[in-house]
Amino acid sequence: MKLATKYNFMLITILVICLLIISVLSYIILHKHAKDEVIKHASILMEAGLAMRKYTIQEIKPLLALQNKRNFLPQSVPSYAATQNFNALRENHPEYRYKEATLNPTNPRDRAADWEADIISEFRNNRELKKMTVVRDTPMGKTLYLARPIRIKNQGCLTCHGVIEDAPETMLKLYGPANGFGWRMDEVVGSQIVSVPLSLPVNRANETFLLLISIISGSFLLLFIVLNVVVRKIFIKRIVTTNRLVEEVNQGKTDCSGFDCKGNDEIANLSESIEHLCKQHSKIYQKYEDSVNFDDVITDRSGNKGRT
Ligand code: HEC
């Protein structure tokens, strides 16, 4: 394999390996970044849900306590307030969703779907699990779900969700006795689940990735061309010329011109040394020629010259 081919092969291999490493790393980093960003959004939305719940408990519920005795108002229920608040948000951002998914809900709209029930089971089986993220394919593209367990920690909850007999009459009138009862203390009854679209940031990450790889590939191509020109001019061309001249000298050429001894680098030194050797070789060859001319040439009678 020629020196230039070897050099190109080596350079291309190094650049391709670098490009591959950069591609894999940047893909992982960009996608992790996109997912982290979505988790951050989801966490903020979850906090908003919790804040809405807190506000309802602290400020709305006491205001409607008397009213609830006559007519039950769901607006005094934290879960209802948080869900309604998010439904209003969804009018402009339908891709975001908040649900208090429950296995045995008071309001049927809160009933957990199959995959939500799986999340609730996870929380039921693992008490240490405080939150969970799940990515699912939906008709709206990839979606990230952030979930937190709903555990009954307060005896007060069981007034309305424990035994039917304890529940306020007005509430029973509105919701009926079929669902939302029989919950127990410390039981995980459901999960708050926030869903945030993942496809948008992932698409953005893919676009950034493609742009980055195009820029790096372009830079590598430029680097390849520049290195090729420079290395060819500084090293390869001079080595090839020296090599060709040495071969010519080897084949009997006595003219020692053409060696590139310019510069102060190793190749120039090598050319100089070879030029020197060539000159010596020429001198010896010349002497040998001369000696052959005088001693070994015989002249025959007819005047023809020839070597013995
Ligand atoms: C005054 C009665 C009352 C009390 C007390 C009460 N809830 Fe509820 N809860 C309801 C009603 C009514 C709903 C249904 C609201 C709706 O229509 O969305 C509900 C809904 C929920 C939901 C959504 C699932 C479902 O059943 O539809 C969860 C979760 C929940 N409550 C948890 C709790 C917890 C935890 C506590 C205690 C901190 C609590 N509730 C206290 C009346 C009550």
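Remember, it's 1-based here, ligands and their atoms both numbered in the order they're listed. Starting from 1, each residue takes its place in the sequence as its number. Every heavy atom of this structure was used, including side-chain atoms; hydrogens, water molecules and symmetry mates were not.
Geometrically, ligand 1 and T159 share no nitrogen or oxygen pair separated by less than 3.5 Å.
Under a hydrophobic-cluster definition in which Ile, Leu, Val, Met, Phe, Trp and Tyr are linked whenever side-chain heavy atoms come within less than 4.5 Å, directly or via other members, L211 and I22 are assigned to different clusters.
Taking the ring-ring contact (aromatic ring centres under 6.0 Å, His included) definition, one finds that F86 meets it with Y98, sequence neighbours left out.
At least one donor-acceptor pair closer than 3.5 Å links the side chain of W183 to the backbone N or O of N104. K99 places no side-chain N or O within 3.5 Å of a backbone atom of T83 that could act as its donor or acceptor partner.
Atoms of ligand 1 lying under 4.0 Å from any heavy atom of E100, numbered from 1 in the order shown and given with element: 28 (C), 29 (C). In the vicinity of Y80, heavy-atom distances shorter than 4.0 Å reach the ligand 1 atoms 15 (C), 16 (C), 17 (O), 18 (O). Numbered from 1 in the order shown, with element, the atoms of ligand 1 that lie under 4.0 Å from a heavy atom of I150 read 29 (C). Within ligand 1, counting atoms from 1 as listed, the ones closer than 4.0 Å to a heavy atom of G156 are 5 (C). For ligand 1, the atoms closer than 4.0 angstrom to any heavy atom of C160 are 1 (C), 2 (C), 3 (C), 4 (C), 5 (C), 42 (C), 43 (C).
For I193 against A147, the heavy-atom pair with the smallest separation is CG1-CB, 4.0 Å.
Here the side chains of N68 and L73 are in contact, with some heavy-atom distance below 4.5 Å.
Of all the heavy atoms of T106, the ones lying under 4.0 Å from any atom of ligand 1 are found in both the backbone and the side chain. The side chain of I152, and not its backbone, has at least one atom closer than 4.0 Å to an atom of ligand 1 (non-hydrogen atoms only; side chain from C-beta on). With a 4.0 Å heavy-atom cut-off, ligand 1 is reached by no atom of F181. Residue contacts with ligand 1, taken as heavy atom pairs separated by less than 4.0 Å, do not involve K153 at all. Contact annotation for S79 and ligand 1: only side-chain heavy atoms (C-beta onward) come within less than 4.0 Å of the ligand.
The residues E187 and R124 are annotated as salt-bridged, a charged nitrogen and a carboxylate oxygen being separated by less than 4.0 angstrom. Between K40 and D36 no salt bridge is recorded (no basic side-chain N to carboxylate O distance below 4.0 Å).
Looking only at protein heavy atoms, the nearest one to atom 37 (C) of ligand 1 is C157 SG, 1.8 Å. Closest to atom 12 (C) of ligand 1 among all protein heavy atoms lies Y175 CE1, 3.4 Å. Among all non-hydrogen protein atoms, the one lying nearest atom 27 (O) of ligand 1 is D110 OD2, 2.5 Å. Closest to atom 24 (C) of ligand 1, if we only count protein heavy atoms, is T102 OG1, 3.1 Å. With respect to atom 32 (C) of ligand 1, the closest heavy atom belonging to the protein is W183 CZ3, 3.6 Å.
Every pair passing ring pair (Phe, Tyr, Trp, His ring centres under 6.0 Å) that includes a residue from residues 12-48 is listed here, sequence neighbours excluded: Y27-H31, Y27-F209.
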*Assess whether side-chain hydrogen bond (donor to acceptor under 3.5 Å, both in side chains) is satisfied between T242 and S271, documenting all intermediate values.*
CA-CA 6 Å; T242 309; S271 293; 3.3 Å; yes
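The nearest N, O or S atom of H161 is closer to atom 8 (Fe) of ligand 1 than 2.8 Å.
Partner of T241 under the side chain to side chain contact (heavy atoms under 4.5 Å, CB included) criterion, chosen from I239, N243, L245: L245.
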